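Contents: one structure, followed by commentary.
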Amino acid sequence: MIGRLNHIAIAVPDLAAASAKYSDLLGAHVGQPQALPEHGVTVVFIDTGNTKVELLEPLGAGSPIAAFLAKNPAGGMHHICFEVPDIAAAAAALTAGGARVLGDGTPKTGAHGNPVLFLHPKDFDGTLIELEECPA
């Protein structure tokens with residue numbers, strides 16, 4: 001069902017400072033910040049060649065990333081994202097298998113303009129999983 005690893009997301013308290021570390025210290029290609037109001041975050045993608053790292057900063061106090069950072073003030077890994085060819089079929093198969101899709105189950109548009117869903121971390125050994133539809 002799942003395809004390649006699309007990205008690993010890291011919540012950060014200061015997007016500019018985190019981006020500078022990846023650029024200046026690691027020599028990574030760091031993209032431009034992108035506000036995603038529907039998700040309550042501002043993101044920056046770092047291209048590593050074979051996948052991406054997504055840095056997440058809260059976009060307002062109501063952001064789910066703000067709650068994450070309240071528990072983890074220095075930041076940390078927030079989720080991993082896998083590609084799927086058909087998000088509706090993946091959601092149906094996962095739900096039939098007992099996994100929980102977060103929210104109302106309706107995909108939202110993610111940072112790459114593709115439909116995304118999140119799966120409950122308690123169903124995946126404590127890890128929040130994002131699925132992104134990336135047709136072949």
Side-chain angles (χ1 to χ4, degrees):
M1 172 188 306
I2 63 171
R4 74 178 195 96
L5 174 67
N6 184 281
H7 65 267
I8 298 169
I10 301 172
V12 298
D14 183 334
L15 193 58
S19 295
K21 286 181 211 172
Y22 279 84
S23 176
D24 300 344
L25 296 175
L26 294 175
H29 176 266
V30 177
Q32 293 299 311
Q34 180 181 2
L36 301 173
E38 184 177 9
H39 296 278
V41 296
T42 300
V43 302
V44 164
F45 281 97
I46 299 158
D47 186 355
T48 65
N50 62 342
T51 193
K52 296 178 279 299
V53 174
E54 177 185 38
L55 302 177
L56 304 163
E57 180 183 66
L59 186 60
S63 168
I65 300 303
F68 180 91
L69 288 172
K71 295 177 189 171
N72 307 281
M77 192 180 96
H78 184 261
H79 67 270
I80 59 175
C81 177
F82 294 106
E83 295 177 358
V84 296
D86 182 333
I87 203 158
L94 287 158
T95 302
R100 292 171 281 176
V101 175
L102 295 179
D104 66 4
T106 303
K108 293 183 179 180
T109 302
H112 301 114
N114 297 327
V116 300
L117 286 173
F118 286 88
L119 306 174
H120 202 294
K122 289 184 179 178
D123 297 337
F124 294 92
D125 306 302
T127 303
L128 180 63
I129 303 288
E130 179 182 16
L131 299 178
E132 179 175 345
E133 184 174 285
C134 294

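The first residue of the sequence shown is numbered 1, and numbering continues consecutively from there. Being a predicted model, the structure only gives us computed values, none of them experimental.
- Annotation: the span from Asp86 atom CG to Leu131 atom CG amounts to 11.0 Å, rounded to 0.5 Å.
- When every heavy atom of Gly60 is checked against every heavy atom of Ala66, the shortest pair comes out as O-CB, 4.0 Å.
- Counting only distance, with no hydrogens or angles, the side chain of Thr51 and the backbone of Leu5 share a donor-acceptor pair below 3.5 Å.
- The shortest non-hydrogen separation linking Val44 to Gly31 is CG1-O, 3.5 Å.
- Residues Leu69 and Leu15 are members of separate hydrophobic clusters, defined by side-chain heavy-atom contacts under 4.5 angstrom among Ile, Leu, Val, Met, Phe, Trp and Tyr.
- Neither Val41 nor Ile80 shares a network with the other; the hydrophobic side chains, linked directly or stepwise wherever heavy atoms of I, L, V, M, F, W or Y lie under 4.5 Å apart, form separate groups for each.
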Steps toward side-chain contact (heavy atoms from CB on, under 4.5 Å) verdict (Tyr22, Leu55): CA-CA 10 Å; Tyr22 279 84; Leu55 302 177; 3.9 Å; yes

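- Side chains of Asp125 and Thr127: a donor-acceptor N/O pair is absent below 3.5 angstrom, by distance only.
- In plain terms, the two heavy atoms of Ala18 and Val12 that are nearest each other are CB-CG1, 3.8 Å.
- No chain of hydrophobic side-chain contacts below 4.5 Å, direct or via other Ile, Leu, Val, Met, Phe, Trp or Tyr residues, connects Val43 to Ile46.
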message: Show, in sequence, the C-alpha distance, side-chain angles and deciding distance for Leu119 and Val101, and conclude whether the side-chain contact (heavy atoms from CB on, under 4.5 Å) test is met.
response: CA-CA 5 Å; Leu119 306 174; Val101 175; 3.8 Å; yes

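- Annotation: the span from Leu117 atom CG to Thr106 atom OG1 amounts to 8.0 Å, rounded to 0.5 Å.
- A side-chain donor-acceptor contact under 3.5 Å links Asp47 to the backbone of Gly49.
- If you chain together hydrophobic residues whose side chains sit under 4.5 Å apart, Val116 and Leu36 never meet in one group.
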query: Can you list the steps and then say if Leu26 with Lys21 is a side-chain contact (heavy atoms from CB on, under 4.5 Å)?
result: CA-CA 7 Å; Leu26 294 175; Lys21 286 181 211 172; over 6 Å; no

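- A pairwise comparison of heavy atoms in Gly40 and Ser63 identifies O-OG, 2.6 Å as the closest pair.
- The side-chain heavy atoms of Phe68 and Leu128, taken from C-beta on, include no pair separated by under 4.5 Å.
- Between the CZ atom of Phe118 and the NE2 atom of His78 there is a distance of 7.0 Å, given to the nearest 0.5 Å.
- Grouping the Ile, Leu, Val, Met, Phe, Trp and Tyr side chains by contacts below 4.5 angstrom, directly or via other members, places Val84 with Phe124.
- Gln34 contributes a side-chain N or O that, together with a main-chain N or O of Ala111, makes up a donor-acceptor pair within less than 3.5 Å.
- Among residues two or more places apart in sequence or in another chain, the salt bridge (Lys or Arg N to Asp or Glu O under 4.0 Å) test is passed with Glu133 by none.
- Distance check, rounded to the nearest 0.5 Å: OG1 of Thr42 to CG of Leu59 gives 4.5 Å.
- When all heavy atoms of Leu56 and Ala9 are compared, the pair lying nearest together is CD1-CB, 3.8 Å.
- Considering Arg100, His120, Met1 in turn, Met1 is the only one that fulfils the side-chain contact (heavy atoms from CB on, under 4.5 Å) rule with Leu94.
- Side-chain contact check for Glu130 and His7: at least one donor-acceptor pair (N or O, by modelled atom type) lies under 3.5 Å.
- Rounding to the nearest 0.5 Å gives a distance of 6.5 Å between CD of Glu57 and CG of Asp14.
- Using a distance-only test at 3.5 Å, with no hydrogens or angles considered, a donor-acceptor pair links the side chain of Thr95 to the main chain of Ala91.
- Between the His39 side chain and the Thr109 main chain, a donor and an acceptor come within less than 3.5 Å of each other.
- Within 6.0 Å of CD on Glu38 lie more than 12 heavy atoms contributed by other residues, nucleotides or ligands.
- Counting only distance, with no hydrogens or angles, the side chain of Glu83 and the backbone of Cys134 share no donor-acceptor pair below 3.5 Å.
- Heavy atoms only, all atoms of each residue included: Ala74 and Pro13 are closest at O-CD, 3.7 Å.
- Note that CG of Asp123 is 8.5 Å distant from CG of Leu102, once rounded to the nearest 0.5 Å.
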